[in-house]
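Working notes, beginning with the structure itself.
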There are 2 protein chains.
Amino acid sequence: MKIATFNANSIRSRLPMLLQWLEDHQPDILGIQETKCQDEDFPLEAIRDAGFHVAFKGEKSYNGVALICKSEPQEVRFGFDDGGPADETRLIRAVVDGVSVVNTYVPQGRAIDHVMYKYKLGWYRRLKKMFEAEYSPDQPLAWIGDINIAVEPIDVNNPAGKKNDPCYHIDAHNAFLDVCSFGFTDLLRKHHPDEEIYSFFDYRVKNAVERNMGWRIDYVLTTASLTEKSLACDVDLEPRKMEKPSDHTFVVAEFEG
Amino acid sequence: MKIATFNANSIRSRLPMLLQWLEDHQPDILGIQETKCQDEDFPLEAIRDAGFHVAFKGEKSYNGVALICKSEPQEVRFGFDDGGPADETRLIRAVVDGVSVVNTYVPQGRAIDHVMYKYKLGWYRRLKKMFEAEYSPDQPLAWIGDINIAVEPIDVNNPAGKKNDPCYHIDAHNAFLDVCSFGFTDLLRKHHPDEEIYSFFDYRVKNAVERNMGWRIDYVLTTASLTEKSLACDVDLEPRKMEKPSDHTFVVAEFEG
DNA sequence: GTCATTGGCG
DNA sequence: CGCCAATGAC
């Protein structure tokens with residue numbers, strides 16, 4: 001079984017390469033973030049024609065999430081249900097082949113003194129409550145997506161210079177680690193304890209991929225039963241090197257069975 | 001000798017295909033219209049590297065003309081010099097290998113009840129005066145470019161429906177024919193008296209090229225001494241069929257010697 | 001439909 | 001740098 005995540009930065013702009021990637025890698029579950037399109041513009045047919053089911057919710061210009069699956073996703077739900085902003089275009093959940101999947105596009109936060117950063121930290125608290133209320137660490141559960149946090153120094157180029165970045169600030173680290181305490185393991189780090197592997201490279205940094213100047217902010221996190229079956233987890237850098245890439249690339253985890 | 005014209009609809013967007021076309025066809029003179037770029041952004045070096053001289057004048061977003069030549073163009077001039085609007089980015093003249101060349105991007109006219117249509121008709125009158133004042137029908141002279149008029153019913157798909165189009169209206173026909181009375185021969189029509197051959201296909205018409213639903217609004221017109229040497233004149237439809245084409249394509253005339 | 005523009009965003 | 005949006009031209 002293969003579970004992957006990809007921030008597409010516009011699924012319409014990335015459709016040709018996405019279809020190629022689906023054909024080449026045949027993931028069982030692929031979570032997409034930043035589809036950046038309204039539901040009526042979503043390239044549903046092309047993805048179905050490639051042999052996949054898909055559930056999605058988007059809006060004009062911003063956000064937008066999708067789950068692309070070999071099997072039909074069950075119990076598809078969008079957003080929070082806790083009385084706060086639902087953020088339905090940032091959170092999609094489903095059950096696929098008996099595995100619960102939560103695909104998130106966590107708010108980036110803008111700046112640590114910005115109201116959106118407070119919102120981001122709150123988003124992690126709400127996420128933890130959701131996991132506690134609706135899931136168990138004993139069940140097969142995968143949390144995937146663009147979580148907009150690099151956790152350890154090894155997860156970002158020049159960590160010392162990023163202390164006040166909303167994606168590397170200490171409060172963000174703690175917020176993320178608190179959700180992980182529910183029972184999640186970061187699969188890429190499990191399989192690559194010491195490697196500077198990044199999943200996002202800012203367009204504005206020249207030759208960022210070649211110079212390996214990026215961030216690891218896209219994750220596949222799993223509870224124990226899945227973690228035990230995990231065989232590998234890697235970033236696929238090839239799509240980031242192609243023509244007209246997303247600024248993010250794919251993180252792919254492979255499991256027994 | 002080969003003289004050609006091409007409305008590029010952005011020379012920067014069309015640069016790869018233009019360079020390929022230059023390499024393949026090696027024109028002696030190619031007039032470009034709608035370069036749509038300021039002079040500092042003009043892809044001068046790429047064209048020189050392909051083995052051509054080039055003279056050009058453009059502006060941001062709109063208009064822009066160029067002459068791309070095997071030999072260095074002499075006596076290069078831009079625009080009218082009659083006291084009216086010079087329109088320097090719509091008219092370029094030069095002498096190349098002893099042949100006088102006038103490359104025009106005539107105003108489209110918007111609509112027959114629009115002030116720009118009056119301006120277009122006036123433009124043709126100014127053009128005739130320029131030919132009369134500065135050229136002779138006895139000299140080798142080529143008037144090339146996007147003239148934004150289809151002259152005969154055969155020059156446009158569904159002529160009956162185009163009577164009120166600023167590119168097919170009777171006043172436009174007369175304005176154009178009056179300039180031709182200076183001594184110009186329409187070379188494509190000379191070599192193809194009965195064929196529905198078009199040089200422009202609206203992007204908005206689906207499969208316009210395959211259905212041959214277009215306009216002939218790009219011309220190579222010559223005075224007698226050149227007309228006598230003319231061996232062929234054709235529209236090259238291939239560039240219009242490629243990826244990301246201009247809405248216009250090349251008209252190419254071949255001459256003895 | 002395909003250019004170009006400006007402006008917002010990350 | 002490369003998405004998005006809106007607008008204008010043809």
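What you see is a predicted model, and the numbers here were worked out from it, not measured in a lab.
Between D:dA5 and A:Lys36, no contact under 4.0 Å exists linking OP1 or OP2 to a side-chain N or O. OP1 or OP2 of D:dC10 has at least one side-chain nitrogen or oxygen of B:Arg110 nearer than 4.0 Å. Put simply, A:Arg14 has no side-chain N or O that comes within less than 4.0 Å of OP1 or OP2 on D:dG2. Close to D:dA6, at under 4.0 Å from its OP1 or OP2, lies a side-chain N or O of A:Lys60.
With D:dC4, D:dG2, D:dC3 as the candidates, the nucleotide lying closest to the side chain of A:Ser61 is D:dC4.
Defined by atom type and a distance below 3.5 Å, a donor-acceptor pair is missing between the side-chain atoms of B:Glu34 and B:Asn9.
Taking a cutoff of 4.0 Å between a charged side-chain nitrogen and a carboxylate oxygen, B:Arg48 and B:Glu45 do not qualify as a salt bridge.
The distance between atom CD of A:Glu34 and atom C1' of D:dC3, rounded to the nearest whole Å, is 9 Å.
Put simply, chain B comes within 4.0 Å of DNA chain C, heavy atom to any atom, from C:dG1 to C:dT6, going 5' to 3'.
One finds the CD1 atom of B:Ile68 at 12.5 Å from the NE2 atom of B:His53 (value rounded to the nearest 0.5 Å).
Exactly one of A:Phe6, A:Phe176, A:Phe200, A:Trp143 qualifies for a ring pair (Phe, Tyr, Trp, His ring centres under 6.0 Å) with A:Tyr219. That residue is A:Phe176.
Although no hydrogens or angles enter the test, the distance criterion places no donor-acceptor pair under 3.5 Å between the side chain of A:His173 and the main chain of A:Glu152. Between the side chain of A:Asn148 and the main chain of A:Val106, a donor-acceptor pair closer than 3.5 Å is present. A distance-only check finds no donor-acceptor pair linking the side chain of B:Lys162 to the backbone of B:Cys167 [under 3.5 Å].
Less than 6.0 angstrom separates the ring centroid of A:Tyr117 from the ring centroid of A:His169.
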| task | Toss me the dot-bracket line for DNA chain C: Watson-Crick and G-U wobble, both under 3.5 Å, 5' to 3', using | for pairs to another strand and [ ] for crossers. | result | ||||||||||
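Along DNA chain D, the nucleotide closest to A:Arg12 and the one closest to A:Arg204 are compared, and the more 5′ of them pairs with A:Arg204.
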